[in-house]
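Residue numbers start at 1 and run along the sequence shown.
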Amino acid sequence: MSFRPATGSIPESPGVYRFTDPGGRVIYVGKAKSLRQRLNSYFADFAGLHPRTQTMLTTAAAVDWTVVNTEVEALQLEYSWIKEFDPRFNVKYRDDKSYPYLAVTMDETFPRVQVMRGAKRKGTRYFGPYSHAWAIRETVDLLLRVFPVRTCSAGVFKRAGQIGRPCLLGYIDKCSAPCVARVTEQEHRALADDFCDFMAGNTGRFIKRLEREMREAAAAEEFERAARLRDDVQALQRALEKQSVVLGEGTDADVIALADDQLEAAVQVFYVRGGRIRGQRGWVVDKVEETSAGELVEHFLLQMYGDAAPEALPREVLVPALPPDADAVAELLGEQRKARVEVRVPQRGDKKTLMETVERNAKEALAQHKLRRASDLTTRSKALQEIADGLGLDQAPLRIECYDVSHTMGDDVVASMVVFEDGLARKSEYRRFAIRGMSGQGDVPSIHEVISRRFKRYLEERSATGELGPELGGEPIDPETGRPRKFAYPPNLVVVDGGPAQAAAAQRALDELGVDDVAVCGLAKRLEEVWPAGDDQPVILPRTSEGLYLLQRVRDEAHRFAITYHRSKRAKGVKESELDGVPGLGPARRQALLRHFGSVKRLRDATVEDIREVPGIGPALAEVIMSSLRSS
């Protein structure tokens with residue numbers, strides 16, 4: 001390898017290293033107790049390396065490293081770099097499905113209980129994950145008898161406050177109705193805190209308290225209240241019955257098991273709180289290099305708990321194999337939890353039995369994933385190869401960008417750019433454009449403008465890093481942020497929604513900029529014809545072709561993205577245009593009116609007295625607003 005550093009130049013200290021490609025993009029991050037020993041292992045016997053490690057080394061153009069003092073610091077820096085640079089060759093665990101959580105929005109004035117999926121938000125407490133959303137809703141329905149916390153959306157909550165009447169849940173005592181001030185903010189927050197305590201496993205005190213109140217009510221001959229309290233106790237007990245008891249009441253642990261082969265691994269986690277299984281979740285991962293079970297566990301623990309809130313970490317983490325730096329990992333998790341965390345392998349008893357159950361789940365998950373993945377990979381590879389063959393490309397188009405234009409009778413013209421890499425949507429790379437000065441001129445000049453703008457940015461950003469030609473490859477990195485620049489990674493294929501005219505406009509824009517290594521085609525909706533730029537005849541892909549199906553998906557995604565942007569822009573324009581013509585009404589008062597009434601339609605139906613209730617609106621201005629809106 002031409003970039004192999006001299007052995008004597010590599011320190012023997014612990015540290016973190018990273019390989020980069022010719023464009024400066026970080027493609028792999030690793031840590032080592034001895035940087036010299038670890039890095040030399042990559043270059044000593046190339047033929048004996050794992051095939052994916054060989055691919056990583058042939059892709060790389062440079063390696064650098066940072067020396068640290070302790071193994072804990074190395075773990076922290078490795079996790080930070082993996083999160084920042086998202087290296088393509090690092091082990092990255094992917095959820096094998098989108099799991100629902102029970103979430104309580106404690107950062108709101110009146111916390112709300114709801115089902116949530118996706119990324120976690122700061123200030124929200126999460127419980128689960130659950131296998132199915134209906135399991136959460138059944139549990140919440142039972143608990144609302146005892147903890148009547150708000151579950152409605154912001155719009156429903158605001159509307160109920162405006163009309164002074166709660167929703168149905170408020171009438172059947174499954175909501176304390178803070179929207180109409182039946183309880184104070186402090187009283188409602190106390191209910192939310194109790195709800196969270198019960199879900200966190202502190203269940204005994206609530207059942208004992210209700211049973212005590214039930215006996216007191218019966219002794220005082222308040223039999224109706226005693227009956228209600230009895231039903232509340234039964235509701236809490238039914239909610240607890242839905243969660244299996246597997247360990248002692250004080251057990252607070254995450255039980256992790258994995259199943260793997262030479263290429264992939266599946267991980268399953270059972271969350272045990274208060275001795276009960278509170279949730280289950282699964283991940284899958286591609287093996288980038290020959291990796292032991294302990295190394296897989298270490299990577300998993302860092303990714304799973306790296307950004308977790310302190311209360312999300314358990315006292316005990318049960319694993320199938322100890323990480324190579326088990327003490328450092330336990331210390332790092334303890335710092336995250338702000339209390340001791342024990343990482344260990346169960347040897348006997350109930351915990352060992354539960355580990356075997358989790359391991360069976362992991363093996364089943366790996367088998368199911370491989371069935372799906374085999375079909376998925378084969379289909380995507382076939383689709384990309386069919387596109388390459390149909391368009392006469394030298395290689396399969398691993399990165400495809402598709403552009404679409406949307407407008408209403410030539411007004412509010414916008415365009416979208418969507419990106420598919422290796423046949424999958426890369427939504428973080430999507431971009432949208434407001435077309436300038438092309439009102440009423442049609443799609444062709446708009447396509448020319450958006451392609452010109454996108455590739456001018458491409459050339460500018462490559463020039464900014466000293467890479468003046470698109471032939472150099474790679475993805476330039478912003479020297480200030482260390483992240484890839486927005487438009488600096490070129491596609492292999494540009495697809496435009498339309499026929500030969502739109503494809504020719506895109507090709508003309510590329511020719512004017514001197515970009516000659518990007519293929520262009522149009523996809524016409526009428527007959528689904530593929531028009532390579534500059535050809536007189538279309539390429540007809542079979543209707544059952546996987547390549548045509550992929551192009552259709554790309555085109556439809558670009559159309560959806562463009563339509564979404566266009567509708568939001570048009571809706572904003574409609575709101576602004578109706579209020580813009582009102583004399584004496586500036587931006588601040590317009591926003592105040594829309595916040596108060598919710599829409600221009602409601603504002604139009606309001607009386608002068610209603611309008612005067614908005615801060616900053618006097619009697620004369622209220623009259624002007626009413627007459628202007630009703631006349632329009």
About how many Å separate SG of C402 and CD of Q552, when rounded to the nearest 0.5 Å? 11.5 Å
Less than 4.0 angstrom from a charged side-chain N to a carboxylate O is my criterion; do R273 and D254 meet it? yes
Heavy atoms of E449 and A434 approach each other most closely as OE2-O, 4.3 Å
R555 vs D404 side-chain heavy atoms within contact, under 4.5 Å: no
Which heavy atom in R454 sits nearest to a heavy atom in F433, and how many Å separate them? CB-CZ, 4.3 Å
Shortest non-hydrogen contact from V518 toward L510: O-CD1, 4.1 Å
Give me the atom names and distance for the closest heavy-atom approach of Y403 to V450. CD2-CG1, 4.2 Å
Please report the shortest heavy-atom distance between V104 and V113, naming the atom on each side. CG2-CG2, 4.2 Å
Kindly give the heavy-atom pair with the smallest separation between S416 and F561, and that separation in Å. CB-CD2, 3.6 Å
Can you check whether P148's main-chain N or O pairs, donor with acceptor, with S176's side chain at less than 3.5 Å? yes
Does Q76 reach the side chain of L332, with side-chain heavy atoms less than 4.5 Å apart? yes
R112 backbone acceptor or donor facing T105 side chain under 3.5 Å: yes
Does any part of the side chain of P491, heavy atoms only, come nearer than 4.5 Å to the side chain of F420, both counted from C-beta? no
Given the rule in the side-chain contact (heavy atoms from CB on, under 4.5 Å) test, do D497 and V405 qualify, once you have shown the distances and angles that lead to the verdict? CA-CA 8 Å; D497 183 17; V405 174; over 6 Å; no
Working note: D141 + K174, criterion salt bridge (charged side-chain N to carboxylate O under 4.0 Å, His left out); need CA distance, chi angles, decisive distance, verdict. CA-CA 8 Å; D141 189 59; K174 286 196 173 181; 2.8 Å; yes
State, yes or no, whether a side-chain contact exists between F147 and D197 at a heavy-atom distance under 4.5 Å. no
Side-chain donor or acceptor of Q502 paired with backbone N/O of G499 under 3.5 Å: yes
Would you check, one step at a time, whether the test side-chain contact (heavy atoms from CB on, under 4.5 Å) holds for L593 with I611? CA-CA 8 Å; L593 285 167; I611 297 173; 4.2 Å; yes
Decide, yes or no, whether a salt bridge links R553 with E557 under the criterion of side-chain N to carboxylate O below 4.0 Å. no
Atom pair OH/CG of Y458 and L513 - distance to nearest 0.5 Å: 11.0 Å
Between P178 and E185, is any pair of side-chain heavy atoms under 4.5 Å apart? no
Please assess D193 against M106 for the test side-chain contact (heavy atoms from CB on, under 4.5 Å), listing each intermediate value before the final yes or no. CA-CA 9 Å; D193 288 335; M106 299 301 290; 3.0 Å; yes
About how many Å separate CD of E78 and CG of L302, when rounded to the nearest 0.5 Å? 6.5 Å
Is R589 reaching over with its side chain to a backbone N or O of G616, donor-acceptor style, under 3.5 angstrom? yes
Spacing of CD1 belonging to I563 relative to CG belonging to D556, to within rounding of 0.5 Å: 11.5 Å
Spacing of CD1 belonging to I625 relative to CD1 belonging to I617, to within rounding of 0.5 Å: 4.0 Å
Keeping R337 on the side-chain end and L313 on the backbone end, is there a donor-acceptor pair under 3.5 Å? yes
Interatomic distance, D252 atom CG to R315 atom CZ [nearest 0.5 angstrom]: 4.5 Å
Atom CZ of R165 with >12 non-hydrogen neighbours under 6.0 angstrom: no
Do we get R150 above F157's six-membered ring, with its NZ or CZ under 6.0 Å from the centre and within 45° of the axis? yes
Working note: V269 + W283, criterion side-chain contact (heavy atoms from CB on, under 4.5 Å); need CA distance, chi angles, decisive distance, verdict. CA-CA 9 Å; V269 181; W283 287 262; 3.6 Å; yes
Answer yes or no: is there a side-chain heavy-atom contact under 4.5 Å between R457 and R453? no
